[in-house]
Amino acid sequence: MPDREFRIPTSEEAVDQLVGMLQLEQLENDADGEDQFLAPVFEQAFWRVFGGQVLAQSATAAMHTVDPERAIHSVHGYFLRPGDASKPIEIKVERLRDGGSFSARRSQAYQNGKPILSMIASFQRPSAGPAHQAQMPAGIPDPEELASPEELVGHVKHPIIQEWGRGRPFEIRHIDRPLYLEADREARPTSAVWMKTKTALPDDPNVHRAAILYASDYTLLEPILRRHSLYWAKPGLKMASLDHALWWHRSARADEWLLYVQDSPSAQSARGLGTGSIYSREGLLVATVAQEGMVRPPQGIRPRIQETIQKTVVNNGRTQRQLNQKYSSAWRSRYSG
């Protein structure tokens, strides 16, 4: 881990980093003829690579090996090891198949010679066929009515929480009570957020597809946390993404508001499944997502003591009291299926 202090990027810097991490350097093919790429990393508060980053970079590498006419429509990836945010990522792409309409690629991301992600991606040329979609839930408040992450946790002087509040390339606005510093008061396996990049992205549709894949990893395990009265900053909580799948249905811009509605059908054996639907503001179903994650609640007396101290500090702060007073009536389920 680097020994210098992590500096929270500005909104513009964070989006520039997102675009920059999708600018892969193409290397010579390896001995087996596989395409090779070098993917940049940027400093992160936790000094680990965000899972959405390696997903987006591995998908982007696969995009570079396919006819531009064929758009990526699904990915299925397994997280194998945590990534080091101080070292670049090597990605190898195997060209599995190019058929009349579909192409398939296998992307493997490596650090220190060991795989950290294995993904299969599928591509399709434009085709005519039947079309329908699930309807966007009703009763959703507009994102402008909801608190920004900076307002919610920007006052908390901790590098990871500061990154949540200020340093991400995406603006995430919770429709339900946010789970940064405290559990929801209603234990239910659902959640919903609005999200978009903080500044504009290039017009390249593949950048927007990759950015949506990147952001889909932010909050998909929150329905599990909400159902079991857990939250991100809970002392001793251990979580890790195990796998991730996304299906793109329709094109959309990641720099315009997208609604991400999530639920969890099951949790067991320290694993929980989150599923989500991403809609444009106009109600188009853009993508469907699924992810299984490891969730281990804290054990023993020490985390409970730490949590008691933490809650006392947080709840006694004037800023937190003002936020609870301002948004308590809004932080409840305000939408219906």
Side-chain angles (χ1 to χ4, degrees), residues 21-22 24 34-35 37 39 49-67 70-83 89-99 101-111 114-125 127 133-134 205-221 223-224 239-252 254 258 260-267 269 271-278 285-295:
M21 69 180 61
L22 300 177
L24 310 183
E34 293 185 359
D35 299 87
F37 301 86
V49 176
F50 172 53
Q53 173 181 332
V54 69
L55 284 167
Q57 290 176 321
S58 297
T60 298
M63 293 176 193
H64 284 309
T65 70
V66 177
D67 187 318
R70 300 189 177 204
I72 193 167
H73 71 86
S74 70
V75 296
H76 296 72
Y78 281 88
F79 297 100
L80 304 176
R81 292 176 177 84
I89 299 170
E90 181 184 352
I91 302 173
K92 296 185 179 183
V93 180
E94 181 181 358
R95 304 189 183 206
L96 296 176
R97 179 177 183 269
D98 286 301
S101 298
F102 292 88
S103 294
R105 298 291 186 265
R106 178 184 288 115
S107 291
Q108 305 260 62
Y110 294 85
Q111 280 187 326
K114 295 181 178 180
I116 63 173
L117 178 89
S118 182
M119 169 193 287
I120 289 183
S122 185
F123 300 76
Q124 183 192 20
R125 66 175 176 80
S127 301
Q133 69 159 73
N206 280 337
V207 170
H208 290 269
R209 294 182 184 109
I212 289 171
L213 177 58
Y214 175 98
S216 69
D217 188 39
Y218 275 136
T219 60
L220 194 49
L221 298 183
I224 303 162
M239 296 183 64
S241 301
L242 300 175
D243 59 18
H244 196 96
L246 186 146
W247 297 261
W248 288 267
H249 306 309
R250 294 165 182 85
S251 296
L258 298 168
Y260 196 5
V261 181
Q262 307 145 6
D263 66 12
S264 175
S266 181
S269 303
R271 292 179 289 110
L273 179 64
T275 61
S277 299
I278 300 176
L285 180 59
V286 173
T288 299
V289 197
Q291 182 183 93
E292 190 170 49
M294 182 198 77
V295 182

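Put simply, the side chain of L273 does not reach to within 4.5 Å of the side chain of Q291, judged on heavy atoms. Side chains of M119 and R106 form no contact here, defined as non-hydrogen atoms less than 4.5 Å apart. Side-chain contact check for N206 versus T60: every heavy-atom pair is 4.5 Å or farther apart. In this structure the side chain of M63 reaches within 4.5 angstrom of the side chain of F123, judged on heavy atoms. Between T219 and L221 the shortest side-chain heavy-atom distance does not fall below 4.5 Å. Between H244 and L213 the shortest side-chain heavy-atom distance falls below 4.5 Å. Q57 is listed as a side-chain neighbour of I91, based on a closest heavy-atom distance under 4.5 Å.
When each of V75, V289, L258 is paired with S216, the side-chain contact (heavy atoms from CB on, under 4.5 Å) condition holds for V289 and for no other.
For R81, the salt bridge (charged side-chain N to carboxylate O under 4.0 Å, His left out) test picks out no residue, with sequence neighbours left out. When the side chain to side chain contact (heavy atoms under 4.5 Å, CB included) test is applied to P82, the partners found at least two apart in sequence or on another chain are R48. For S264, the side chain to side chain contact (heavy atoms under 4.5 Å, CB included) partners are P189, P223, I224, not counting sequence neighbours. By the ring pair (Phe, Tyr, Trp, His ring centres under 6.0 Å) test, Y214 is found to be paired with F50, Y218, residues two or more places apart in sequence or in another chain being considered. With sequence neighbours excluded, the residues forming a side chain to side chain contact (heavy atoms under 4.5 Å, CB included) with R250 are Q133, L284, L285, listed by chain and number. Residues passing the side chain to side chain donor-acceptor pair (under 3.5 Å) test with T275, sequence neighbours excluded: D263. Among residues two or more places apart in sequence or in another chain, the salt bridge (charged side-chain N to carboxylate O under 4.0 Å, His left out) test is passed with D35 by R95. Every residue meeting the salt bridge (charged side-chain N to carboxylate O under 4.0 Å, His left out) condition with E292, not counting sequence neighbours, appears here in chain and number order: R271. Residues satisfying the salt bridge (charged side-chain N to carboxylate O under 4.0 Å, His left out) test with R105, not counting sequence neighbours, are D98. Remark: Q111 engages no residue in a side chain to side chain donor-acceptor pair (under 3.5 Å) (not counting sequence neighbours). With sequence neighbours excluded, no residue forms a ring pair (Phe, Tyr, Trp, His ring centres under 6.0 Å) with Y78. Listed by chain and number, the residues in a side chain to side chain contact (heavy atoms under 4.5 Å, CB included) with S118 are L80, Q108 (sequence neighbours excluded).
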Query raised in the report: Do V49 and I89 pass the side chain to side chain contact (heavy atoms under 4.5 Å, CB included) test, and can you show the C-alpha distance, the side-chain angles, and the key distance before you say yes or no?
Result: CA-CA 10 Å; V49 176; I89 299 170; 4.2 Å; yes
Requested in this report: Output, in order, the C-alpha distance, side-chain angles, deciding distance and verdict of side chain to side chain contact (heavy atoms under 4.5 Å, CB included) for Q124 and S103.
Outcome: CA-CA 6 Å; Q124 183 192 20; S103 294; over 6 Å; no
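Stacking of K92 on the aromatic ring of F37 is not recorded, the 6.0 Å distance cut-off and the 45° axial limit not both being met.
Nearest heavy-atom pair, L24 versus A39, reported as atom, atom and distance to 0.1 Å: CD2-CB, 3.6 Å. Considering all non-hydrogen atoms of both residues, S122 and F102 come closest at OG-CD2, 4.1 Å. Counting all heavy atoms, side chain and backbone alike, G52 lies closest to D217 at N-OD2, 3.0 Å. Residues L220 and A290 approach most closely at CD2-C, 3.8 Å, considering heavy atoms. Smallest separation of non-hydrogen atoms from L22 and A210: CD1-CB, 3.9 Å. Of all non-hydrogen atoms in H76 and A245, the two that sit nearest each other are CD2-CB, 3.8 Å.
Judged by distance alone, the side chain of S58 and the main-chain N or O of L55 form no donor-acceptor pair under 3.5 Å. Proximity of a side-chain donor or acceptor of S101 to a complementary backbone N or O of G99 within less than 3.5 Å is not detected.
Taking the six-membered ring where the residue is Trp, the centroids of W248 and H208 are separated by 6.0 Å or more.
Atom CG in L117 sits 11.5 Å away from atom CD in Q53 (nearest 0.5 Å). Note: I278 CD1 to L246 CG = 5.5 Å, rounded to the nearest 0.5 Å.
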